[in-house]
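Not measured: the values here are computed from a predicted model. Heavy atoms only: backbone and side chains are in, while hydrogens, waters and symmetry mates are out. Residue numbers start from 1 in every chain, and the chains themselves are labelled A, B, ... in the order their sequence lines are given, proteins ahead of strands.
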Protein chains: 2
Amino acid sequence: MPTINDVAKAAGVSPSTVSYVLSGRRPISAETRARVQAAIAELGFHPHAGARALASSKTNVIALVAPLRVDVNVPVIMQFATAVVTAARSYNHDVLLLTKDEGTAGLERVAHSTMVDALILMDLERDDLRIPALRKLKQPSVLIGLPADHTGIACVDLDFGAAARLALEHLAGHGHRRIGLVGPSPAVYKRQTTYADRFLTGFLESSVELGLRTVTHPCEPGAAGVRSALADLDAELDGITALVVHNEEALRPLLDLLRATGRRVPEDISIVTVCPRDVAMSLPVNLTSIDIPAHDVGTLAVETAMRLLDGRSIEFTRLLAPSLVERDSCREISSSHR
Amino acid sequence: MPTINDVAKAAGVSPSTVSYVLSGRRPISAETRARVQAAIAELGFHPHAGARALASSKTNVIALVAPLRVDVNVPVIMQFATAVVTAARSYNHDVLLLTKDEGTAGLERVAHSTMVDALILMDLERDDLRIPALRKLKQPSVLIGLPADHTGIACVDLDFGAAARLALEHLAGHGHRRIGLVGPSPAVYKRQTTYADRFLTGFLESSVELGLRTVTHPCEPGAAGVRSALADLDAELDGITALVVHNEEALRPLLDLLRATGRRVPEDISIVTVCPRDVAMSLPVNLTSIDIPAHDVGTLAVETAMRLLDGRSIEFTRLLAPSLVERDSCREISSSHR
DNA sequence: AGCCATCGTCGAAGCGCTTCGACGACTGAT
DNA sequence: ATCAGTCGTCGAAGCGCTTCGACGATGGCT
């Protein structure tokens, strides 16, 4: 491996000049720069990352803390990760992958040992224990999610509250007045994963404001979970004409169940769901859905981290506006039926 | 951030002594060690990763190159990643996540700039362009997959050839003589992803050896793909009593289609599939399956990398024996029907 | 008693880079 | 003609750690 000294000798300049060519932090004459670049190319020189980090106290690496248990939204997690890695590379950064289960210790380890310049975390809980730990780090962090006390920490996410409202507005606009929410599994609520709460709150508030009759229920995974959730919804409010589904897993068994019980979508019951676009479109009925823009959120998280790193101003809370795409699962209720 | 010098002063020893306490490379008296450790704990000292890498030429980081396109086997990819990260941490290493689409350049970048000690790649193709590049790196690499020319590079994977054989043996043992293979999508074959080839080859060889009548067909994603694949199989060989499915995506639509066309599983047609355990068990019929042991493979890949790093001997090719779990999708054909 | 090994510790060099201050050579304004 | 300022480059210091050689102190041998 050639070093910066080798390059300097080959180009007939001092090492510092090579460094300045690389960083552009001082003016270098065009000819010198050309000679240096030629030498770099010829020798195949790549600066030693450790030496660089040591001298400059920047690693050009960001940490991504992902919930790697084989869990619910695997595809969504994956989309976040993809977006983060891709975006990071576009800023000439790499990504160190940590698992959520290392908890606070993992964050401190990589931060204190100066392995990363910034951290991006996903799957935050309402009162996430990691938040106080993050505040003590010298590296900035960006959260994908919106925990309770996030003052001073950058947060990025879909606006799940607005998403719930949007779903209800859409249904209300189509004449629906009695609507059920099929929520995430109780485990998700129990963890107080932030998006679940925000969606539920938005749902309840909006249904009051829009004057709707609504009921909500979490939904255990599997066909049995769906069956019991739906039974409960029906029991608590009869004449339900539409469902909002905030539970990817439940979609398939729910559609199966509705078909099996002779309730046609959308003729007998309408559905609006919140999930990644591709999921909504890979089911027997093309579902009207609000997209989870994992790619945008991941990219935005990285951008925010980069702004933080070079001291530019940021908005600490960025909630992306939801957008609803109409497909085939939602029908207009004629006024005679209202 | 305290440095090793601060610790040395606090403990009343020289910096090198602290280093030896940390590394254990030289004997240190119990009392000195205790004092040093106390100082470390009190100051909250964490060695600077870059400085360490510079001085020792070890980073304690391994690269994981994953196909991050939102692609077919997302859950499997995720399981590999989880296993690799977890295993790496157990060896006190971290994981730098690269995307496959950076290609050769990405590998060279992280290797030449000494960001990682070793590389683990997944989703290898038959004549993967990255292999020659890997050979030139000073860091060792471990492949999850088995490309054509892998001499001198460690490879780890499920033995897909044996898996195909196992599936056929199981079906043959239950009296099936006419069997169709629902393969991966044509795109996977076209990429020459190594597991697809190996499974197909094993399938063809074993069906000859076992004296079976078999037909094989790739299967495009989606319900339409499944319909046409099944139609083709039926057209090419009538009286098919069993299917081997090497295509996770196809399982659900396949089961739907069979049900819709009145072919009961397993009464009318038996199925053996190759996929992660949880997929096989989350469908309307609990499928007899050969597990893709992503966790084991990932862990083994890391172990192999570690052995490589500290110069221990390894087996360059490790193909894990498949194991079949009987569930409810495979029935005995009575001899009268044979 | 004398010698060699081993133990436990220290000091210094060096890993490869960045960055600061310095300095000569120009340039343009006065 | 002179001075300030900028340009382009160099040298040296230093980032925080590991590691090698050295060295006194012990302890077990003969």
- Polar pair under 3.5 Å, donor/acceptor by atom type, side chain B:Y20, base D:dC20: yes
- Query: For the base of D:dT19, is there a side-chain donor-acceptor partner from B:R25 under 3.5 Å away?
  - Reply: no
Distance check needed: [N] [atom2] versus [X] [atom1], whole Å only.
X      : N      : atom1 : atom2 : answer
A:R52  : C:dG16 : CZ    : P     : 15 Å
A:H48  : C:dT18 : NE2   : C1'   : 15 Å
A:K9   : C:dG16 : NZ    : P     : 11 Å
B:M115 : C:dG16 : CE    : C1'   : 15 Å
B:I4   : D:dT19 : CD1   : P     : 11 Å
A:R35  : D:dG8  : CZ    : P     : 14 Å
B:R26  : D:dG21 : CZ    : P     : 9 Å
A:R33  : D:dT9  : CZ    : P     : 9 Å

- Query: Between B:L143 and B:L134, does a side chain to side chain contact (heavy atoms under 4.5 Å, CB included) hold up when you go through it step by step?
  - Reply: CA-CA 10 Å; B:L143 311 181; B:L134 289 176; 3.8 Å; yes
- Query: Across the strands shown, which category fits A:P47 at heavy-atom distances under 4.0 angstrom: base, sugar-phosphate, nothing?
  - Reply: sugar-phosphate
- Message: Base, sugar-phosphate or nothing for A:V18? Non-hydrogen atoms, less than 4.0 Å.
- Response: nothing
- May I ask you to say whether A:D101 pairs ionically with B:R89, meaning some side-chain N is under 4.0 Å from a carboxylate O? no
- Message: Taking A:R312 first and then A:E303, would you say they form a salt bridge - that is, a charged N and a carboxylate O separated by under 4.0 Å?
- Response: no
Nearest of [options] to any side-chain atom of [X]?
X     : options               : value
A:L54 : C:dC15, C:dC7, D:dC15 : D:dC15
B:P27 : C:dT19, C:dC10, C:dG8 : C:dG8
B:S29 : D:dC10, C:dT9, D:dT19 : C:dT9
B:A55 : C:dT9, D:dT18, D:dC15 : D:dT18

- Query: Does a donor on one side chain and an acceptor on the other come within less than 3.5 Å for B:S113 and B:R109?
  - Reply: no
- Message: Under 3.5 Å, is there a donor on one side chain and an acceptor on the other for A:T17 and A:S14?
- Response: yes
Does a nitrogen or oxygen in the side chain of [X] sit under 4.0 Å from OP1 or OP2 of [N]?
X     : N      : value
A:S16 : D:dG11 : no
A:T17 : D:dT9  : no
A:S14 : D:dC10 : yes
A:S19 : C:dT18 : yes

